[in-house]
Every structure is written in structure tokens, then in C-alpha cells.
K.L.:
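First, the structure itself, so that you have it in front of you.
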Amino acid sequence: MIRTLGWILLLGTLILGCGEKLDYIDYLESNRRLIEAGGTLTDAMVHDIFSPPVASRIYAYPSIAAYEIGVLADPSTYRSLMGQLNDFEPKSFQVTENVSLPLAALIAYYDVASRLVFSEHLISSKKEQLLEKVKNLGASQAILQESKTLGESMANHVLDYASKDNYHQSRSFEKYTSRDEDYSWKPTPPAYIEGIEPNWNKIRPFVLDSADQFIPRPATEFGNVPDSQFYIEAKEVMDAGNSLTPEQREIAYFWDCNPYKMNVKGHVMYAEKKITPGGHWIGIAGIASKNAELGWIGTAEALAVTAIYVFDGFISCWDEKYRSVLIRPETYINRYMDEDWVPLLQTPPFPEYTSGHSVISTAASRALTGLLGEPFRFVDTTEVNYGLGTREFQSFNQAAEEAAISRFYGGIHYIPAIEEGVKQGEMVAVYIAQKVSTRLTKNIGLTD
């Protein structure tokens with residue numbers, strides 16, 4: 001009897017031991033790991049204060065690296081972006097017996113991300129914590145090593161691709177010099193920062209043929225007399241800013257996403273760190289992935305697709321901004337209407353036309369709608385960590401419409417910049433959906 005009991009106890013121990021050794025699989029299969037990785041990257045970018053266009057680049061390449069590992073995990077469903085994105089050369093990768101593909105995807109994400117930010121340690125430390133956690137959950141040394149080898153190999157391929165997008169060369173290009181013309185953009189208070197990323201149209205797009213592929217119609221002809229259309233549009237901004245409802249103010253603040261916001265107290269000026277517009281939509285992609293209960297591959301797809309649409313949207317938008325170099329409402333209103341008028345939001349440091357929020361929010365919403373459909377109810381909690389509340393939407397497109405009009409409420413865009421920005425974002429999204437697919441069965445982003 002004692003001997004039989006001993007065998008039962010031993011068998012139970014073996015069963016429990018096997019269960020513990022498999023715990024790492026469930027841990028890695030959860031889509032929360034990739035969403036957490038995205039959050040870590042956002043934290044690093046907020047700490048480092050990257051501009052909205054540059055942030056879109058930093059989100060894109062890690063997401064692509066993780067997605068490409070996902071393709072290796074399910075090649076019968078998912079299509080590689082290699083050979084589809086501009087200059088992204090195909091490459092074969094060996095999946096060895098002990099590789100954990102979700103772990104390799106996370107390693108690829110963290111490795112690429114850490115190379116694109118200044119605060120590399122904030123990301124690399126999370127990677128080390130992940131490896132230690134997985135080890136404690138039962139992953140063998142062979143699993144850890146072979147997964148690391150694959151993840152690093154994919155990361156290196158994506159980093160090589162990133163190194164050729166003209167970003168590093170553009171760091172030495174000529175800076176923007178303010179023009180004297182009445183219509184042209186001038187730096188705005190309180191920091192009077194010179195125009196950021198005037199050469200962003202020289203960055204290689206992922207899908208667009210060129211930065212100027214979708215040029216919006218020209219901005220309203222400049223005029224400074226009360227009966228001119230431009231004056232009327234500026235007065236709309238001023239009047240709206242002077243009579244905002246509580247909800248309109250809430251909407252404006254919720255979508256502010258200005259990483260350059262400066263606060264002044266006495267003689268001291270300090271930055272208030274915020275996420276970028278692209279970061280907000282990457283956050284929404286993560287929230288949507290949770291709500292839809294996507295697996296880790298589907299989540300990698302959602303992050304990558306959203307990031308690609310946002311990245312090309314910024315290139316298209318910034319091309320127009322530094323073509324039209326249009327004066328901001330704050331400068332115009334102070335000069336021709338009310339020298340004491342201040343917009344609700346702090347004016348960001350780049351020209352007015354078109355609205356970046358309108359372009360990239362439209363593009364991102366079309367990407368996510370193509371993946372997850374419409375309606376798609378979600379509560380946007382992206383801004384909670386930055387002192388704001390939540391907002392509920394019935395679709396991604398509804399959220400994009402609110403993001404676009406928020407810039408009018410905030411006093412930093414005329415209506416044409418918003419309306420034409422939405423059209424520009426739509427054209428970018430339709431083109432990407434026609435050219436690139438992450439599925440073998442349909443083009444992601446094309447909806448009925």
C-alpha cells in the first residue's frame with residue numbers, strides 16, 4: 001500500500017512538472033506580450049521626445065519584424081511583406097526544432113525597437129525580463145537560444161532594410177528657414193521651435209510610389225481682409241475657440257498628442273511629455289486586438305498594418321506641409337484679428353496644411369476596419385497614462401472623424417486642412433490596400 005502510494009505521488013509530481021514546463025507556452029501565446037512590448041516602446045519614445053513623423057518610423061519596423069515571424073508560424077494564412085514593401089527583399093529563415101515562434105517575434109520586436117530609440121536600456125531591460133520570465137516558466141536553454149537566434153536574425157534583416165530608407169542621411173539635410181511672405185508659417189509660442197522634419201518627404205515610403213503621389217488640392221488662397229475666404233476660415237477657428245462646449249474641449253485635449261508641448265512657469269519652461277498621434281493609433285490597435293481576442297499572430301498583423309498606413313500617411317502629409325508652408329491660425333489671428341487670442345491647444349511646430357491628425361487617423365482607421373470590420377465598439381484608454389480619461393467609439397472610422405475635428409476645436413487647424421487631410425488619408429489607405437496584402441486570401445484594408 002505504501003509502495004503504491006509512493007508511485008501515485010511520483011506520477012503526480014511528474015504530471016505537475018510537465019504542466020509547469022508548458023506554462024511558458026500559454027504565456028507567450030497571449031497577445032498581451034506584444035501589446036506590452038508596444039507599450040514599452042511608447043514609454044521609451046515619450047521619454048526621448050520623438051517627433052510624430054519619426055515616431056511613426058520607430059513603431060513600424062519592430063512591428064514588421066514581429067509580423068514576419070508570425071508569417072513563419074502560419075504561412076498558409078499570412079503573406080510576407082517581403083517583396084511587397086518598397087525595397088524589402090525576400091529572405092529565407094530557418095525554423096529549428098526548438099524555436100518558440102512567439103518568443104522569437106518578441107525578441108525581434110525588442111531588438112529592432114532598441115536600435116531605433118535613444119533610451120535603448122528601457123527596451124533591452126524589458127527583453128531580459130521577458131527571457132528570465134520564460135525561463136522560470138519552464139522554457140529550456142535550447143528553446144531560449146534557438147528562439148533568440150531566429151529573432152535576432154529577423155531583427156537584423158529588418159534593421160538592414162530600415163538603414164536604407166534615407167532617414168540617417170536626412171539628419172544632415174538643410175533645416176527649414178522661415179519665409180517672409182505673409183501666408184507662410186512662422187514658429188509659434190511659447191518655445192518658437194523651428195519647423196520639424198522639413199525633409200520627411202525624402203524618406204522612402206513603404207508602399208507609396210512617391211511622397212507627392214497624392215497631392216491635395218491647394219489650400220485656400222491667402223487673404224487678410226474681412227471679406228476674403230481665408231479671413232473667414234480663420235474667423236471660424238477663432239469663434240469656435242471662444243465658444244467651445246465642455247465636450248469639445250474634452251475631445252480636443254483627448255486627441256492632442258503633441259510631444260512638443262511646453263509649459264511656462266515664471267522664467268522656467270519645461271516639456272510635458274505626451275504620445276504622438278501615431279502612438280495613439282498603435283494604442284488603439286492594441287486595444288482592438290484585445291477586444292477581438294486575436295492571437296499573437298493576428299495582433300502582430302494589426303500592429304504592423306496600422307503602422308505601415310500611419311508611416312506612409314505621414315510622408316504624404318509632410319510633403320504637402322512643406323510645399324504649402326501655410327500660416328497657423330494662432331499667428332494669423334494674432335496678426336489680423338486679436339493679438340491676445342490663444343488657441344485651446346498649443347500649436348505644434350510645423351506648417352498647417354494639411355492636418356496630420358486627419359491624414360493618419362483616416363489611414364489608420366481604414367487599416368483597422370479592413371482587419372476587424374465595422375461596427376467595432378471599443379473604449380479608447382490610450383491616454384489614461386497621460387492624465388486623461390477614456391472615450392468610447394462604435395467604429396474606428398468614428399474615432400478618426402473625432403480625431404480630425406479635434407484639431408479645429410483645439411484652434412490649430414482651419415477646416416480645409418481637416419477636410420482635405422481626410423481625403424488625403426483616404427487616398428493613401430486605398431492605395432496601400434490595393435498594393436499590399438497580409439493574407440493569402442484577401443487584401444487587408446479593402447472594405448465594402
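Given the structure is predicted, the values throughout are model-derived calculations rather than measurements.
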K.L.:
Under the side-chain hydrogen bond (donor to acceptor under 3.5 Å, both in side chains) criterion, do Ser30 and Trp296 qualify, and how do the steps go?
P.N.:
CA-CA 6 Å; Ser30 169; Trp296 71 271; over 6 Å; no
K.L.:
Flag yes if more than 12 heavy atoms outside Arg204 fall under 6.0 Å of its CZ atom; otherwise flag no.
P.N.:
yes
K.L.:
Counting C-beta onward and ignoring hydrogens, is there a side-chain heavy-atom pair between Pro52 and Phe50 closer than 4.5 Å?
P.N.:
no
K.L.:
Does the side chain of Trp341 come under 3.5 Å of the side chain of Asn242 through a donor N or O and an acceptor N or O?
P.N.:
yes
K.L.:
Tell me, please, which residues at least two apart from Phe88 pass ring-ring contact (aromatic ring centres under 6.0 Å, His included).
P.N.:
His157, Tyr161
K.L.:
Indicate whether the side chain of Thr220 and that of Glu233 have a donor and an acceptor atom separated by less than 3.5 Å.
P.N.:
yes
K.L.:
Could you check whether any side-chain heavy atom of Ile415 comes within less than 4.5 Å of a side-chain heavy atom of Ile405, counting everything from C-beta outward?
P.N.:
yes
K.L.:
Under a 3.5 Å threshold, yes or no: a donor from one side chain and an acceptor from the other, between Ser76 and Asp74?
P.N.:
yes
K.L.:
Please say whether more than 12 non-hydrogen atoms of neighbouring residues, nucleotides or ligands are located less than 6.0 Å from CD in Glu181.
P.N.:
yes
K.L.:
Measure from NZ or CZ of Lys133 to the centre of the six-membered ring of Tyr27 and say whether it is under 6.0 Å with the direction within 45° of the ring axis.
P.N.:
yes
K.L.:
Are there over 12 heavy-atom neighbours, none belonging to Lys235, within less than 6.0 Å of that residue's NZ?
P.N.:
no
K.L.:
Kindly say whether Ser289 contributes a backbone atom to a donor-acceptor pair with the side chain of Asn31 at under 3.5 angstrom?
P.N.:
yes
K.L.:
Testing the 3.5 Å rule here: is there a donor-acceptor pair between the side chains of Thr40 and Asp43?
P.N.:
no
K.L.:
Side chains of Ile64 and Leu85: does their closest heavy-atom pair fall under 4.5 Å?
P.N.:
yes
K.L.:
Between Lys186 and Glu330, is a salt bridge (charged side-chain N to carboxylate O under 4.0 Å, His left out) present by the stated rule, with each step listed?
P.N.:
CA-CA 10 Å; Lys186 307 293 189 300; Glu330 181 174 14; over 6 Å; no
K.L.:
Within a strict 4.5 Å, meaning less than it, do heavy atoms of the Ser358 and Val422 side chains meet?
P.N.:
yes
K.L.:
Test of understanding: with ring-ring contact (aromatic ring centres under 6.0 Å, His included), list the residues that count as partners of Phe254, not counting sequence neighbours.
P.N.:
His280
K.L.:
Any side-chain heavy atom of Lys91 sitting closer than 4.5 Å to one from Phe93?
P.N.:
yes
K.L.:
Determine whether Arg79 and Val71 make a side-chain contact, defined as any pair of heavy atoms from C-beta on separated by less than 4.5 Å.
P.N.:
no
K.L.:
Determine the sole option in Glu352, Arg407, Glu419 for which the side chain to side chain donor-acceptor pair (under 3.5 Å) test with His413 is passed.
P.N.:
Glu352
K.L.:
What distance separates Cys317 SG from Lys321 NZ, expressed to the nearest 0.5 Å?
P.N.:
4.5 Å
K.L.:
Minimum heavy-atom separation for Glu68 to Leu81, with atom names?
P.N.:
OE2-N, 2.7 Å
K.L.:
Please say whether the positively charged group of Arg377, taken as NZ for Lys or CZ for Arg, lies over the ring of Phe393, i.e. under 6.0 angstrom from the six-membered ring centre and within 45 degrees of the axis.
P.N.:
no
K.L.:
Can you check whether Trp255 reaches Asp380 side chain to side chain, under 4.5 Å on heavy atoms?
P.N.:
yes
K.L.:
Quick one: does Asp312's side chain have a donor or acceptor within less than 3.5 Å of a partner on Pro205's backbone?
P.N.:
no
K.L.:
Surrounding CZ of Arg115 (heavy atoms of other residues, nucleotides or ligands, distance under 6.0 Å), is the total greater than 12?
P.N.:
no
K.L.:
Can you tell me how the ring of Phe206 sits relative to the ring of Phe311, calling it parallel under 30°, perpendicular over 60° and tilted otherwise?
P.N.:
tilted
K.L.:
Can you confirm whether Trp318 sits close enough to Phe350 that some side-chain heavy atom of one is under 4.5 Å from a side-chain heavy atom of the other?
P.N.:
yes
K.L.:
Rounded to the nearest 0.5 Å, how far apart are CE of Met427 and CD of Glu420?
P.N.:
8.0 Å
K.L.:
Taking ring-ring contact (aromatic ring centres under 6.0 Å, His included) as the definition, give me every residue that meets it alongside Tyr183, ordered by chain and number, with sequence neighbours left out.
P.N.:
none
K.L.:
Go through the steps to decide whether Ser437 and Gln84 satisfy the test side-chain hydrogen bond (donor to acceptor under 3.5 Å, both in side chains), and finish with yes or no.
P.N.:
CA-CA 8 Å; Ser437 175; Gln84 295 195 80; 5.6 Å; no
K.L.:
Taking everything shown except Lys127 itself, do over 12 heavy atoms lie less than 6.0 Å from its NZ?
P.N.:
yes
K.L.:
Locate the shortest heavy-atom distance separating Ser100 from Leu28; write the atom from each residue and the value.
P.N.:
OG-CD1, 3.4 Å
K.L.:
Count the heavy atoms of every other residue, nucleotide or ligand shown that sit under 6.0 Å from CD of Glu247, and state whether that count exceeds 12.
P.N.:
no
